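Let me begin by presenting the structure, written as structure tokens, before commenting on it.
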Amino acid sequence: MGLKFFNSLGRVKQDFTPLKAGEVRMYVCGVTVYDQSHVGHARVMVVFDLLYRWLQQSGFSVCYVRNFTDIDDKIIQRAAENGEDVFSLTQRMIAAFHRDMDALGCLRPTVEPRATDYMPQMIAMIESLIDKGIAYLSDGGDVLFSVRSFSDYGALSGKNIDDLASGSRVDIDQKKRDPLDFVLWKPAKMGEPAWQSPWGDGRPGWHIECSAMSCHHLGESFDIHGGGMDLKFPHHENEIAQAVAANGGDFAKVWLHNGFVNINAEKMSKSLGNFFTIADVISCYPAEVLRMFIVGTHYRSPLDFSDQALSEARLGLDRLYEVKKRVMQLDDIALADQLLLPQPFVDAMNDDLNTPEALAVLFETAHRLNKAIDEGGDVTDDWSSFVAMTDLLALVQDDATGWFQSGVNDLDVAHIESLIAARKEARLAKDFARSDAIRAELMALNIILEDGAAGTTWKVKELA
RNA sequence: GGCAGGGUGGCUCAGUGGUACGGCGGAGGACUGCAAAUCCUUUAUUCGCGAGUUCGAUUCUCGCCCCUGCCUCCA
């Protein structure tokens, strides 16, 4: 079974064939850098990181472009609130974003363009749209895209212009010829950052940057364009309109949209204020737990965020680390010459990136490993598969012992180990009362002891 | 109002025209001085409701109920 994707454009699952054999060009909408990223952002980034890894694993050479929106109204507003320079705010937030992504195990894209570095490309695209009569300069000095001049408008989101217009929540703006027309370039107000253009000093509208940057790096037709479901309309619809109208070409062939992260069955978003930042979450849980939480649900399904959900992700990960720990305690661990992914895992990933199914294969492998260890059987093949799968998913990457002992300082470790040594003597002397007293003492400190063939090990008890 | 996506065991999450994957949890057992971990057995006559197509539907069709999202910035 080959690689298949559910293409939002047309809403069908279809075989994937890149435009150019062996190469995949993909663009993913990144973040607007005015604040910390939250769990919703984490989801997109992890989902497309998985896709990036999977495409490479499948033998493609991948050019992955993910932008930063570093100029926009919210950035200007936030910078003003902070009494901070726009550039310093965006620099800070980009650094924070990178920290979050590194913690989550997301690989850096091939290119991470920043909108402000692409003014000439955006201006050229807008000029081309004006030349073609598709964009116009309004009375207020805005350059607007005329939606009715683009016949395919609505193809991605399945919307019909007239339906949109009639039931619309869009404010009627007198400067617009049609309420759906959107801004390509807007004049700067006093004190705002501005760039020179044929229409005066100003800044670009939101949508044009993605069209300009994606086409600049990937050409006028490329393979995959991704982002959150909420970007489908109007953002992606507008990107298509701009790029196709200006350049011709098909723009993106496959559109992939991930579902939302919800809290209490409600979308997590900045505007509702019901969000947790990635930094918040990873201060309470190992970052891999957040990744596991995301990987455990298919990317297009809604994902309910809660403390309980994170705990469950952690417990699942614990099981995996438990196997790793047991394998590491084996005398002679070998890896096969080549780490082969099990076929069912490959099939699952090929099937529109079905990570829950892929995880099921991983857990089955873990179970077989445990069984083989219990029975003293050969572990090489399953362990090689286990490593191949966890490496691909970027899970279970920590040292197993460290995973279970995280958050304990050196002083406590010394204390724990001295108690374990004392208990060992008590056990040798068959003084089980003393032995149990020590176990109880450590349990009170949330430390669980495990007596194994190789001696006693300990781990931190997780608080549910 | 228009459009889109959902409703699967205690929780979570896959999936399929022939009665359901995995994880968490529960129960019993094995192992252990006691534990923990692991293993074994077990835990949905059932996949929102009703009707239809079919030898057979949770999976296809139609209707209904409920939930969420988009239609304004949003990953």
Side-chain angles (χ1 to χ4, degrees), chain A residues 8 11 28-32 37-48 72-74 154 157-160 162-171 179-180 182 206 226-235 237 257-262 265-272 275 292-293 295-298 300-304 306 308-309 311-320 322-323 325-326 344 348 351 354-364 366-367 369-375 404 427 430-433 435-436 439-440 443 448-452 456-459 461 464:
Chain A
S8 297
R11 272 165 261 113
V28 172
C29 289
V31 289
T32 299
S37 300
H38 59 65
V39 177
H41 301 113
R43 187 174 196 192
V44 205
M45 301 314 156
V46 168
V47 163
F48 287 99
D72 115 302
D73 292 352
K74 290 191 295 290
S157 53
K159 293 184 191 300
N160 164 306
D162 297 313
D163 289 345
L164 281 169
S166 59
S168 172
R169 291 192 282 169
V170 179
D171 291 334
L180 293 169
F182 57 89
W206 174 38
M229 213 81 100
D230 46 0
L231 296 185
K232 201 161 158 187
F233 188 90
H235 183 55
E237 200 71 70
H257 291 100
N258 65 277
F260 300 127
V261 174
N262 296 151
E266 219 177 29
K267 178 185 168 187
M268 179 184 289
S269 71
K270 295 269 178 175
S271 42
L272 289 171
F275 61 90
M292 181 71 170
F293 163 69
V295 174
T297 298
H298 185 81
R300 284 190 284 111
S301 299
L303 179 55
D304 281 306
S306 67
Q308 187 207 333
S311 294
E312 288 187 5
R314 176 179 209 148
L315 255 10
L317 222 33
D318 281 349
R319 180 169 171 80
L320 265 14
E322 206 71 63
V323 187
K325 181 177 166 187
R326 296 186 81 201
D351 185 14
N354 191 338
T355 51
E357 188 68 41
L359 274 185
V361 178
L362 176 60
F363 277 103
E364 282 159 11
H367 181 248
L369 276 167
N370 274 137
K371 209 169 161 171
I373 293 168
D374 281 356
E375 294 166 358
F404 289 113
R427 293 181 74 214
K430 303 266 188 233
D431 182 357
F432 295 124
S435 166
D436 287 349
R439 180 190 286 290
M443 183 58 95
I448 295 174
L449 297 183
E450 300 185 344
D451 297 325
T456 299
T457 60
W458 60 273
K459 66 185 183 186
K461 179 176 189 237

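Both backbone and side-chain heavy atoms feed into the values below; hydrogens, waters and symmetry mates do not. Just so it is clear, the structure is predicted and the values come from calculations on it, not from any experiment. Numbered from 1 within each chain, the chains take letters A, B, ... in sequence-line order.
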Quick check for you: among B:C73, B:A37, B:C34, whose closest atom lies nearest to any side-chain atom of A:Asp436? B:C34
Is the phosphate of B:A14 approached by A:Asn354 (side-chain N or O, under 4.0 Å from OP1 or OP2)? no
Base, sugar-phosphate, or nothing for A:Asp304, non-hydrogen atoms under 4.0 angstrom? nothing
Length of the line joining A:Gln308:CD and B:C13:C1', which is rounded to integer Å: 13 Å
Rounded to the nearest Å, what distance is computed from the CG atom of residue A:Asp451 to the P atom of nucleotide B:A35? 12 Å
Salt bridge (Lys or Arg N to Asp or Glu O under 4.0 Å) partners of A:Lys371, counting only residues at least two apart: none
Non-hydrogen atoms of A:Leu272 and A:Lys267 that approach each other most closely: CD1-O, 3.3 Å
Which of these nucleotides, B:A75, B:C70, B:G33, is closest to any side-chain atom of A:Arg427? B:G33
Check every atom of B:C70, B:G33, B:A75 against the side chain of A:Phe233 and return the nucleotide holding the closest atom. B:C70
With a 4.0 Å limit, can you tell me whether A:Asn262 has a side-chain N or O closer than that to the phosphate oxygens OP1/OP2 of B:G69? no
State which of B:U38, B:A36, B:A75 makes the closest approach to the side chain of A:His38. B:A75
Taking only the P atom of each, what is the distance from B:G10 to B:C47 in whole angstrom? 13 Å
Of B:C73, B:U38, B:A75, the nucleotide closest to the side chain of A:Ser271 is B:C73
Tabulated below should be each protein N or O lying under 3.5 Å from an N or O of nucleotides 59-61 of chain B; please produce it.
none

base_contact_polar (B:C73 base, A:Asp72 side chain, donor-acceptor, <3.5 Å): no
Once you round it to whole Å, what is the distance between P of B:C70 and CG of A:Leu180? 18 Å
Just so I know, are the side chains of A:Val31 and A:Met45 near enough to count as touching, which here means a heavy-atom distance under 4.5 Å? yes
Mind listing the closest non-hydrogen atom pair of A:Asp318 and A:Phe404 along with its distance? O-CZ, 3.5 Å
Pairs: protein N or O with nucleotides 22-25 of chain B N or O, under 3.5 Å:
{"residue": "B:G23", "atom": "N2", "partner": "A:Glu312", "partner atom": "OE1", "Å": "3.2"}

Can you give me the N/O atom pairs linking the protein to nucleotides 2-9 of chain B at distances under 3.5 Å, or say none if there are none?
{"residue": "B:G2", "atom": "O2'", "partner": "A:Asp163", "partner atom": "OD2", "Å": "2.9"}
{"residue": "B:G2", "atom": "N2", "partner": "A:Lys159", "partner atom": "NZ", "Å": "3.1"}

Can you figure out which of B:A35, B:A36, B:C71 approaches the side chain of A:Lys459 most closely? B:A36
So for A:Arg439 and B:A35, does any side-chain atom that can act as donor or acceptor lie under 3.5 Å from a complementary atom in the base? yes
On a heavy-atom basis, the closest approach of A:Asn262 and A:Pro302 is OD1-CB, 3.6 Å
Heavy-atom check, side chain of A:Leu303 versus side chain of A:Phe293, under 4.5 Å: yes
Do A:Leu320 and A:Met292 come close enough that some side-chain heavy atom pair is under 4.5 Å? yes
Assess whether one donor atom and one acceptor atom, taken from the side chain of A:Asp230 and the base of B:G69, lie less than 3.5 Å apart. no
Can you check the distance between B:G1 and B:G63, where both ends of the measurement are the P atom (answer in whole Å)? 16 Å
What closest approach, in Å, do A:Ala358 and A:Ala348 show between heavy atoms, and which atom pair accounts for it? N-CB, 3.6 Å
Expressed in whole Å, how much space separates the P atoms belonging to B:C24 and B:A36? 16 Å
Indicate the atoms forming the closest heavy-atom contact of A:Lys232 with A:Ser157, along with that distance. CE-CA, 4.3 Å
Rounding to a whole Å, what distance do you find between A:Asn370:CG and B:A36:P? 16 Å
Provide the distance between the two P atoms, one in B:A44 and one in B:C21, to the nearest whole Å. 11 Å
Selected nucleotide, minimal atom distance to A:Glu357 side chain, candidates B:C40, B:C34, B:G15: B:G15
Please enumerate all residues that pass side chain to side chain donor-acceptor pair (under 3.5 Å) together with A:His257, with sequence neighbours excluded. A:Ser8, A:His236
Please state whether the phosphate of B:C70, meaning OP1 or OP2, lies under 4.0 angstrom from any side-chain nitrogen or oxygen of A:Lys267. yes
What interatomic distance, in whole Å, is found between C1' of B:U53 and the corresponding atom of B:U61? 7 Å
Could you measure between the two P atoms, the one in B:U58 and the one in B:U8, and give it in whole Å? 15 Å
With C1' as the reference atom in both, quote the distance from B:G9 to B:U19 in angstrom, rounded to an integer. 14 Å
Determine whether a donor-acceptor pair (N or O, by modelled atom type, separation under 3.5 Å) exists between the side chain of A:Arg439 and the backbone of A:Leu449. yes
For residues A:Val295 and A:Thr355, report the shortest heavy-atom separation together with the two atoms involved. O-OG1, 2.7 Å
So A:Met268 and A:Arg43, do their side chains get closer than 4.5 Å, heavy atoms only? no
B:A14 phosphate, OP1 or OP2, under 4.0 Å from A:Ser301 side-chain N/O: yes
State the dot-bracket string of RNA chain B. Criteria: Watson-Crick or G-U wobble, both atom distances under 3.5 angstrom; notation: ( ) intrastrand, [ ] crossing earlier pairs, | interstrand, . unpaired. (((((((..(((.........)))((((((.......))))))....(((((.......))))))))))))....
Determine the interatomic distance between C1' on B:C31 and the same-named atom on B:U16; round to the nearest Å. 38 Å
